[in-house]
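In what follows, every heavy atom counts, from backbone to side chain, and hydrogens, waters and symmetry copies are set aside. Residue numbering restarts at 1 for every chain, and letters A, B, ... go by the order of the sequence lines.
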There are 2 protein chains.
Amino acid sequence: MNPIQFYKCLADDTRLRCLLLIQAEGELCVCELMAALKESQPKISRHLAQLRQCGILSDRRQGQWVFYRLAPTLPTWALEVLQTTLAGESTFIAKNQCQLTQMGEDRPKRTQSCCS
Amino acid sequence: MNPIQFYKCLADDTRLRCLLLIQAEGELCVCELMAALKESQPKISRHLAQLRQCGILSDRRQGQWVFYRLAPTLPTWALEVLQTTLAGESTFIAKNQCQLTQMGEDRPKRTQSCCS
DNA sequence: TCCATATATATGTTTTTCCATATACTAACT
DNA sequence: AGTTAGTATATGGAAAAACATATATATGGA
């Protein structure tokens, strides 16, 4: 993981919020991030694609939804950077977490990967 | 410290090298960073000014030289991010550190801040 | 005046965003 | 099974915005 490429990924409002939310929640799909950030679908999708191509996120499809999580191959130092940021600036995504919970029953249900 | 502003500062090759070098060495002046990075004076100076304006670096003048160090007001999480990066990607600045030592006796001498 | 550093302007490049459209999957109906 | 409609996500292309760099010039201290 090239540190410049990594930090360029964190240096955008949309991407950093997505990353910290995914880190806090474990796994999120595009429509959940749209709701949490109140941003358009292409915008969210574009940034997630960039994060995936850089090796920061990995995705899995479950039916119509695509769920994103932190890539298991992410170097330890990069994971620590994300954890440190979330711990030190937890208020940064507070509003987004609130807006995520407001989805209520509209949030897609996760099925375990064993029997999807 | 706004995390987006912070990460934008790290998301540039020149700035990240300067930051990690300063962190590794404690304190460096413009001409030392010019030698370590083999970059022009205005380029180095401009990036250092940005890092200072963002509150990541602080400077002190000693004679003709201006020394930069990490700002004492830097939030803990931001300092930890820098430390984690340096520890995890120490080879990133290896060549720059080598080029810095090649300055030899041309490196400006530090006098303690008490009697500058 | 000389040296180290800072800044202004202009320019070229990268990044971000928007709109439209394409793909992938599901459900319902026949 | 095949067709149609609906939902979720991805992507191509163009316009706009942000960023980095080079050259020239200014400042400030010895």
Side-chain angles (χ1 to χ4, degrees), chain A residues 2 4-19 22 27-54 56-69 100 103 105-111 116, chain B residues 2 4-19 22 27-54 57-69 103 105-111 113 115-116:
Chain A
N2 176 310
I4 295 296
Q5 191 184 34
F6 177 69
Y7 284 125
K8 279 191 179 179
C9 283
L10 305 209
D12 175 88
D13 193 83
T14 303
R15 287 194 296 270
L16 187 59
R17 287 182 196 279
C18 286
L19 275 176
I22 286 169
E27 192 180 54
L28 288 173
C29 71
V30 178
C31 64
E32 289 174 316
L33 289 165
M34 287 171 63
L37 273 69
K38 291 204 201 301
E39 296 278 8
S40 72
Q41 181 270 319
K43 184 169 174 177
I44 298 287
S45 185
R46 268 236 136 78
H47 286 297
L48 291 176
Q50 180 178 346
L51 292 169
R52 178 166 36 81
Q53 281 157 16
C54 290
I56 300 178
L57 293 182
S58 65
D59 62 343
R60 74 176 176 101
R61 180 175 276 272
Q62 177 194 302
Q64 344 172 225
W65 299 284
V66 176
F67 289 95
Y68 287 85
R69 77 182 73 186
L100 179 59
M103 281 187 83
E105 285 306 308
D106 294 336
R107 284 184 70 171
K109 306 285 178 290
R110 277 88 176 147
T111 59
S116 66
Chain B
N2 176 310
I4 295 296
Q5 191 183 36
F6 177 68
Y7 284 124
K8 280 190 180 181
C9 284
L10 306 209
D12 175 89
D13 193 81
T14 303
R15 287 194 297 270
L16 186 59
R17 287 182 196 279
C18 286
L19 275 176
I22 287 168
E27 192 180 53
L28 288 172
C29 71
V30 178
C31 62
E32 289 173 316
L33 289 165
M34 287 172 61
L37 273 69
K38 294 205 197 300
E39 296 277 8
S40 71
Q41 181 271 319
K43 184 169 173 178
I44 297 288
S45 182
R46 192 179 194 292
H47 286 296
L48 291 175
Q50 182 179 344
L51 292 168
R52 177 167 36 81
Q53 280 157 18
C54 289
L57 293 181
S58 66
D59 62 342
R60 75 177 175 99
R61 180 177 275 272
Q62 176 196 303
Q64 358 175 214
W65 299 284
V66 177
F67 288 94
Y68 286 86
R69 75 181 80 179
M103 282 186 82
E105 286 305 308
D106 294 337
R107 285 184 71 171
K109 306 284 177 291
R110 277 89 178 146
T111 59
S113 50
C115 40
S116 66

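- Per the geometry, CG belonging to D13(B) stands 14 Å off C1' belonging to dT21(D), to the nearest Å.
- Atom CD1 of I56(A) is separated from atom CG of L19(A) by 6.0 Å, given to the nearest 0.5 angstrom.
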Nucleotide-resolved protein contact map, nucleotides 19-28 of chain C, B/S/- at heavy-atom distance under 4.0 Å: BB---SSS--
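- Contact annotation: Y68(A) side-chain N/O to dA8(D) OP1/OP2 distance is not under 4.0 Å.
- Contact annotation: H47(B) does not reach the phosphate of dC19(D) (side-chain N/O to OP1 or OP2, under 4.0 Å).
- Whole-Å rounding puts the W65(B) CH2 to dA30(D) P distance at 10 Å.
- Side-chain atoms of R110(B) come within 3.5 Å of backbone N or O of P108(B) as a donor-acceptor pair.
- A heavy-atom distance below 4.0 Å to DNA chain C is reached by these residues of residues 31-38 of chain B, ordered by number: C31(B).
- Rounded to an integer number of Å, the gap from CD of Q50(B) to P of dC19(D) is 8 Å.
- Heavy atoms only, all atoms of each residue included: I22(B) and L57(B) are closest at CD1-CD1, 3.9 Å.
- We find the CG-CZ distance between L28(A) and R69(A) to be 11.5 Å, quoted to the nearest 0.5 Å.
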Intra- and interstrand pairs of DNA chain D - dot-bracket, Watson-Crick/G-U under 3.5 Å, | marks other strand: ||||||||||||||||||||||||||||||
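- R61(A) places a side-chain N or O within donor-acceptor distance of the main-chain N or O of G63(A), the cut-off being under 3.5 Å.
- Taking the side chain as every heavy atom from C-beta outward, R17(B) and L33(B) never approach each other to under 4.5 Å.
- Looking only at side-chain heavy atoms (C-beta outward), H47(B) and Q50(B) come within less than 4.5 Å of each other.
- Rounded to an integer number of Å, the gap from CD of Q5(A) to P of dT15(C) is 10 Å.
- Atom CD1 of I44(B) and atom SG of C18(B) lie 4.5 Å apart (nearest 0.5 Å).
- Considering SG of C29(A) and CD of Q62(A), their distance stands at 9.0 Å, rounded to 0.5 Å.
- The side chain of K8(A) places an N or O atom within less than 4.0 Å of a non-bridging phosphate oxygen (OP1 or OP2) of dT15(C).
- Note: CD (Q53(A)) to C1' (dT15(C)) measures 14 Å, nearest angstrom.
- When the P atom of dT16(C) is taken as reference, atom CD1 of I44(A) falls 14 Å away, rounded to whole Å.
- Rounding to whole angstrom units, CG of residue L57(B) and P of dA6(C) are separated by 11 Å.
- Residues E27(B) and R60(B) are in side-chain contact: their nearest non-hydrogen atoms beyond the backbone lie under 4.5 Å apart.
- In this structure, NZ of K43(B) is placed 17 Å from P of dG12(C), rounded to the nearest angstrom.
- S40(A) OG to R46(A) CZ: the interatomic distance, rounded to the nearest 0.5 Å, is 10.0 Å.
- The nearest pair of heavy atoms linking L10(B) to I4(A) is O-CD1, 4.1 Å.
- In this structure, R15(A) and L48(B) both approach DNA chain C, and ranking their closest nucleotides by distance from the 5' end singles out L48(B).
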